[in-house]
Participant: 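Take a look at this one; I'll ask things after.
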Amino acid sequence: MDSGGHTDPPTDNTARADGSGHHVPDGQAPEEYGDHRGHGDHEHDDPEHDHRSRWPFIAAAGAAALYSGFALFIFGAETELVPRPIGIALAVVGAAALLAGIGGWLNQAFLAPARERQEPHKSRGSYISTTMLFLTTDVSTFGGLFIYYFFIRVGTWPAAELPPLLGSLVVINTALLVTSSITLHYAHESLGHGNRRRFLTLLCATLALGIVFLAGQAYEYYEFITAEGFSLTSGIFGSAFFGLTGLHGFHVALGIGGIAILCWRALRGYYGPDRDTSIATVSLYWHFVDAVWLFLVVVLYVGASI
């Protein structure tokens, strides 16, 4: 009992993970927590929580420059109206901008909150829904090249420059990518069950399988170019084949980068049954890449050989 009859309210200086009172352990990323994320008491009053990012626009501009560079390269190779180095230079600049945009986006959304123990910007549902929106728009990117291939397919066929496509290498690569999707699924499931050792093992296995797949695709390119003389400039089928498989390979490379970040964070204990936002979003992307490859194999490899 004090002399003034007034008791000061207790203070709590402990950092909160979200508006529901969940606490963030040291070193954890607050955006990884459950459905309460992103609803702090003052989130809408603080302009710092107004999560507007420039990185998606940089990534989009880079992608546009990358695709335009490839188009100019092919156009120049076929017509000699545009110097091919211009297309190559534009593609290189576009690829650098795209990688910078994606890297900055990942850093702002996931890595910076983990380092600085910031309040979350968005809820888990927001991250998943925006990932789904991105994948939906990405369908149109692949769709444009598939439409180009279908246009070729209804014309004079077979193309004179058609190389032998079906072989053991494409079968092995397909098995590797399908297996990597399975290992990532069960890694996420193991995390939900609290089995950290199994989660880490399967997550690292997914990373290794993705790297081997990409190396296999690079070796396939080497064989086609050196042994068969089949390249991006080998007529309309060459541009379709390398355009589709190259675009997919680029997506695989981005996925490998994302999974590598997951492995780095997982080894430092950032994830748990209630902290899986990054795992969920990268898993959606990786399963999408896997599904596109299966469709690509059926349509491009098998379909072109029939």
Participant: If every non-hydrogen atom of Pro273 is compared with every non-hydrogen atom of Gly192, which pair is closest and at what distance?
Facilitator: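 The pair with the smallest heavy-atom distance is CB-O, 3.8 Å.
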Participant: Please indicate whether Arg198 has more than 12 foreign heavy atoms, meaning atoms of other residues, nucleotides or ligands, lying under 6.0 Å from its CZ.
Facilitator: yes
Participant: So, using ring-ring contact (aromatic ring centres under 6.0 Å, His included) as the criterion, who are the partners of Tyr186 when residues are at least two apart?
Facilitator: none
Participant: Side chains of Trp293 and Val178: closer than 4.5 Å at any heavy-atom pair?
Facilitator: no
Participant: Restricting to non-hydrogen atoms, name the atom on Ser181 and the atom on His287 that form the minimum distance, rounded to 0.1 Å.
Facilitator: OG-ND1, 2.5 Å
Participant: Phe57: which other cluster members, linking ILVMFWY side chains closer than 4.5 Å, directly or transitively?
Facilitator: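 Phe57 shares its hydrophobic cluster with no other residue.
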Participant: Between Tyr285 and His251, how do the two ring planes meet: parallel, tilted or perpendicular, split at 30° and 60°?
Facilitator: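 Ring orientation of Tyr285 relative to His251: parallel.
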Participant: Same cluster or not: Val93 versus Ile58, using hydrophobic residues (I, L, V, M, F, W, Y) connected whenever any side-chain heavy atoms lie under 4.5 Å apart?
Facilitator: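 Looking at the clustering, Ile58 is in a separate group from Val93.
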Participant: Looking at every heavy atom in both Arg196 and Arg268, which two are closest together, and how far apart are they?
Facilitator: NH2-N, 4.4 Å
Participant: Looking only at atom types and distance, does a side-chain atom of Glu228 sit under 3.5 Å from a main-chain N or O of Glu223, one as donor and one as acceptor?
Facilitator: no
Participant: Is the Tyr301-Phe241 ring centre distance short of 6.0 angstrom?
Facilitator: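 Yes: the rings meet the under 6.0 Å criterion.
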Participant: Which is it for Ile236 and Tyr148 under the side chain to side chain contact (heavy atoms under 4.5 Å, CB included) test, yes or no, and what are the steps along the way?
Facilitator: CA-CA 9 Å; Ile236 55 176; Tyr148 172 62; 3.7 Å; yes
Participant: Any side-chain heavy atom of Ile102 within less than 4.5 Å of one from Leu254?
Facilitator: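 Side chain of Ile102 against side chain of Leu254, heavy atoms only: contact under 4.5 Å found.
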Participant: Distance alone, cut at 3.5 Å: any donor-acceptor contact between the side chains of Ser180 and Thr206?
Facilitator: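 Checked: Ser180/Thr206 side chains show no N/O donor-acceptor pair below 3.5 Å.
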Participant: Distance check, rounded to the nearest 0.5 Å: Thr183 atom OG1 versus Leu203 atom CG?
Facilitator: 8.5 Å
Participant: Measuring from atom OH of Tyr221 to atom OG1 of Thr226, what distance do you get when rounded to the nearest 0.5 angstrom?
Facilitator: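 It comes to 14.0 Å.
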Participant: Are Ser278 and Arg265 close enough that some pair of their side-chain heavy atoms sits under 4.5 Å apart?
Facilitator: yes
Participant: Is the closest side-chain heavy-atom distance between Thr174 and Phe213 below 4.5 Å?
Facilitator: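 No, too far: nothing below the 4.5 Å cut-off.
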Participant: For the hydrophobic clusters of this structure (ILVMFWY residues joined by side-chain heavy atoms under 4.5 Å, transitively), does one cluster hold both Leu98 and Phe142?
Facilitator: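 Hydrophobic grouping puts Leu98 with Phe142.
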Participant: Treating Ile, Leu, Val, Met, Phe, Trp and Tyr as nodes and any side-chain heavy-atom pair under 4.5 angstrom as an edge, say whether Leu294 and Leu209 lie in one connected cluster.
Facilitator: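 Different clusters: Leu294 never reaches Leu209 through Ile, Leu, Val, Met, Phe, Trp or Tyr contacts under 4.5 Å.
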Participant: Is there side-chain contact between Leu90 and Leu66, with heavy atoms separated by less than 4.5 Å?
Facilitator: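 Of all side-chain heavy-atom pairs linking Leu66 with Leu90, none is under 4.5 Å.
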Participant: For side chain to side chain contact (heavy atoms under 4.5 Å, CB included), just list the numbers for Phe199 and Ile279, CA-CA rounded to whole Å, side-chain angles, deciding distance to a tenth of an Å, and then say yes or no.
Facilitator: CA-CA 11 Å; Phe199 162 66; Ile279 304 295; 3.8 Å; yes
Participant: Between the side chains of Asn195 and Ser190, does any donor sit under 3.5 Å from an acceptor?
Facilitator: no
Participant: Evaluate the side-chain proximity of Tyr270 to Leu262: yes if any heavy-atom separation is below 4.5 Å, no if none is.
Facilitator: no
Participant: I need the Glu220 CD to Leu165 CG distance, nearest 0.5 Å.
Facilitator: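 Rounded to the nearest 0.5 Å, the CD-CG separation comes out at 8.0 Å.
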Participant: For a quick test of reading the model, state the closest non-hydrogen atom pair linking Phe237 to Leu300 and the distance between them.
Facilitator: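 Scanning both residues, the minimum pair turns out to be CE1-CD1, 4.1 Å.
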Participant: Would you check if the side chain of Tyr149 reaches a backbone N or O of Val299 as a donor-acceptor pair within less than 3.5 Å?
Facilitator: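 Between the backbone of Val299 and the side chain of Tyr149 there is a qualifying donor-acceptor contact (under 3.5 Å).
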Participant: Same cluster for Tyr219 and Phe250 if Ile/Leu/Val/Met/Phe/Trp/Tyr side chains link at under 4.5 Å?
Facilitator: no
Participant: Ile261, Leu267: one ILVMFWY side-chain cluster at the under-4.5 Å cut-off?
Facilitator: yes
Participant: Can you check whether Ile256 reaches Trp286 side chain to side chain, under 4.5 Å on heavy atoms?
Facilitator: yes
Participant: In terms of the angle between their ring planes, are Phe295 and Phe150 parallel, tilted or perpendicular, with boundaries placed at 30° and 60°?
Facilitator: perpendicular
Participant: Atom CG of Asp290 and atom CD1 of Ile182: how far apart are they, to the nearest 0.5 Å?
Facilitator: 8.0 Å
Participant: Leu191 pairs by side-chain contact (heavy atoms from CB on, under 4.5 Å) with which of Leu202, Asp276, Leu200?
Facilitator: Asp276
Participant: Evaluate the side-chain proximity of Val292 to Phe288: yes if any heavy-atom separation is below 4.5 Å, no if none is.
Facilitator: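 A side-chain contact under 4.5 Å exists here.
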Participant: What are the two closest non-hydrogen atoms of Gly62 and Ala97, and how far apart are they?
Facilitator: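 Shortest heavy-atom separation between Gly62 and Ala97 comes out as CA-CB, 3.7 Å.
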Participant: CZ of Phe242 to OG of Ser231: how many Å apart, nearest 0.5 Å?
Facilitator: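 Between Phe242 CZ and Ser231 OG, I get 6.0 Å after rounding to 0.5 Å.
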Participant: Mind listing the closest non-hydrogen atom pair of Val289 and Leu177 along with its distance?
Facilitator: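 Looks like O-CD2, 4.3 Å.
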